[in-house]
Amino acid sequence: MKSIKPIILAAVMTVSVCAVGCSDAKSSSPSQSDSSEQAVSPEDISFKWQKSYQSKLDEFKGSDTFSSDSAFDLFDMTGDGNPELIISQGTDKTAVCDIYTYTDGALTALGTAGYNGEFDYLPEFGLIREEYHGDGFLIGKFRQFDHGELADFLTYSDNSDSASEGVSIKHVINGEEVLLRDYEAALVQYVDSLTMHLGRKYTFGDDSLNYAIRRAESWGAVLGSGRKATCRKKLLEIAEEMGEDNKDAAFELCDLNGDDTPEMIVSSGSAPDSACRIYYFSGEDIEQLDGEYGRYGRLMFDIGCLVFYSESETGMTYWSLADSAFTADKYTSSGSIMEAGRRFALTSTGIDASLV
């Protein structure tokens, strides 16, 4: 098994950001020793849905609908333990996501969702949220999976932002006008719920396709029982440390250095200033990498180059755990990019789902 390298210099467009996590991280990232349990490659793990999803992605990539702005995602929204396939046509206002599932040995279309090529998913409630903001108004709806179809669960609209124009203000729930207090009461439980933004996790690069189909869903099977117990313990500790008020925390297992052992990325939330912490295995123990990384609670990861990065007001910041000679000025994108950090809710349910 390849050893983890110390974290490499974060090279950016501004010196002040470059200092974050550079020399300190180098001195605090011990090498990874071989696991006492037999190593398993994630690509040795097979799932029944893989061939069908690969075929659908290849079919879409060869279609007239595909563009360089297309993307896709895998996420279990039906609760059967298998991810749904979500294909985002693009990012313009009319772009939707096509959602597919694998049941009874076949690929099935579940419908379309979203605006701008993505949509929100609230895992606590099993609901898709679609919301359109117009000039002084908003229209929204929650949808759920019902017997293999997407069905409306709750619809709402509000034009309060048009008050200055002298129009009649209306708050509407499920087609009926209601008082403001009733409107807010109908939506309050969803406002601070953990939200996943789905549809655009992976680009259509070759390495992205391989990682999504052959690797990303395999980490629970790759990690031995000892390491899974270590992961679970650490994640529960972090969740307790963050407290019940941080309902937007999430995490993901992702192999950032290509050694077939995932690192653990913990996201504090999805606000612009939310960052990620990264943990890695040192033998059978798990250690935290110095510093915090990313924005909006996620990182961008170039799978082909094994480089992760994020953008801030001061420029782009790049890191590598794989290449001791890495410098950002020589970095060229491979085109196989993924968002990392918010795959599972940081709850006992999410933790168990990640380690199956």
Side-chain angles (χ1 to χ4, degrees), residues 1-5 31-58 61 72-76 80-86 100-107 201-232 234-235 251-265 278-286 301-308 320-323 334 336-341 343-344 350-356:
M1 179 182 294
K2 184 166 62 177
S3 296
I4 189 171
K5 303 283 182 73
S31 296
Q32 178 184 9
S33 63
D34 290 340
S35 170
S36 60
E37 300 185 63
Q38 185 175 357
V40 178
S41 168
E43 297 189 29
D44 290 338
I45 311 301
S46 62
F47 301 97
K48 293 180 179 179
W49 49 263
Q50 288 173 316
K51 184 176 180 180
S52 293
Y53 284 7
Q54 181 72 63
S55 296
K56 177 54 68 174
L57 288 166
D58 290 342
K61 192 172 183 179
F72 71 98
D73 208 336
L74 295 175
F75 196 92
D76 180 11
D80 64 355
N82 294 321
E84 273 59 61
L85 171 63
I86 307 161
Y100 301 90
T101 192
Y102 184 85
T103 56
D104 299 325
L107 185 77
K201 186 175 182 67
Y202 298 98
T203 66
F204 271 83
D206 290 343
D207 288 322
S208 297
L209 289 162
N210 183 68
Y211 186 92
I213 299 297
R214 303 295 304 170
R215 298 174 67 82
E217 306 298 316
S218 302
W219 300 124
V222 168
L223 294 173
S225 58
R227 285 183 167 181
K228 285 200 281 190
T230 300
C231 278
R232 181 178 286 105
K234 175 58 69 174
L235 287 166
F251 73 98
E252 181 163 0
L253 300 175
C254 183
D255 184 7
L256 295 174
N257 70 332
D259 68 350
D260 287 353
T261 299
E263 280 63 59
M264 191 168 71
I265 306 170
I278 299 175
Y279 298 80
Y280 62 94
F281 278 102
S282 177
E284 295 305 296
D285 297 324
I286 198 162
F301 178 43
D302 188 324
I303 302 165
C305 297
L306 298 177
V307 169
F308 57 100
S320 175
L321 291 178
D323 183 3
S334 72
S336 288
I337 311 298
M338 66 174 282
E339 293 183 350
R343 177 68 174 78
F344 295 97
I351 292 167
D352 288 344
S354 73
L355 298 174
V356 172

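Quick caveat, the model's predicted, so the values are computed rather than measured. The basis for the numbers below is simple: all heavy atoms, side chains too, and nothing from hydrogens, waters or symmetry mates.
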For [X] and [Y], indicate whether the former's side chain and the latter's backbone hold a donor-acceptor pair under 3.5 Å.
X    : Y    : result
D255 : D260 : yes
T230 : G226 : yes
D73  : I86  : no

Determine the minimum heavy-atom distance between [X] and [Y], stating which atoms define it.
X    : Y    : result
R214 : E43  : NH2-O, 2.9 Å
K56  : L85  : CG-CD2, 3.8 Å
F72  : A212 : CE1-CB, 3.5 Å
L223 : P262 : CD2-CD, 3.9 Å
G258 : L306 : N-CD2, 3.9 Å
A221 : I45  : CB-CD1, 3.9 Å

Can you tell me how far [atom2] of [Y] sits from [atom1] of [X], rounded to the nearest 0.5 angstrom?
X    : Y    : atom1 : atom2 : result
L321 : N257 : CG    : CG    : 6.0 Å
I278 : I265 : CD1   : CD1   : 5.5 Å
I286 : E263 : CD1   : CD    : 9.0 Å
S46  : K51  : OG    : NZ    : 12.5 Å
E84  : L74  : CD    : CG    : 9.5 Å
D207 : S336 : CG    : OG    : 4.0 Å

Candidate pair M338 and C254, rule side chain to side chain contact (heavy atoms under 4.5 Å, CB included), full reasoning: CA-CA 10 Å; M338 66 174 282; C254 183; 4.1 Å; yes
Could you tell me how the ring of [X] sits relative to the ring of [Y]: parallel (under 30°), tilted (30 to 60°) or perpendicular (over 60°)?
X    : Y    : answer
Y102 : Y53  : perpendicular
Y211 : F301 : perpendicular
W49  : F47  : parallel

Sub-4.5 Å side-chain heavy-atom contact between W219 and P42: yes
D44 atom CG, over 12 foreign heavy atoms within 6.0 Å: yes
CA sep, side-chain torsions, deciding dist, call: R215, N210, side chain to side chain contact (heavy atoms under 4.5 Å, CB included): CA-CA 7 Å; R215 298 174 67 82; N210 183 68; 4.1 Å; yes
Aromatic contact, F251 with F344 (centres under 6.0 Å): yes
Chi angles and distances behind the side chain to side chain contact (heavy atoms under 4.5 Å, CB included) call for I213, L57: CA-CA 10 Å; I213 299 297; L57 288 166; 3.9 Å; yes
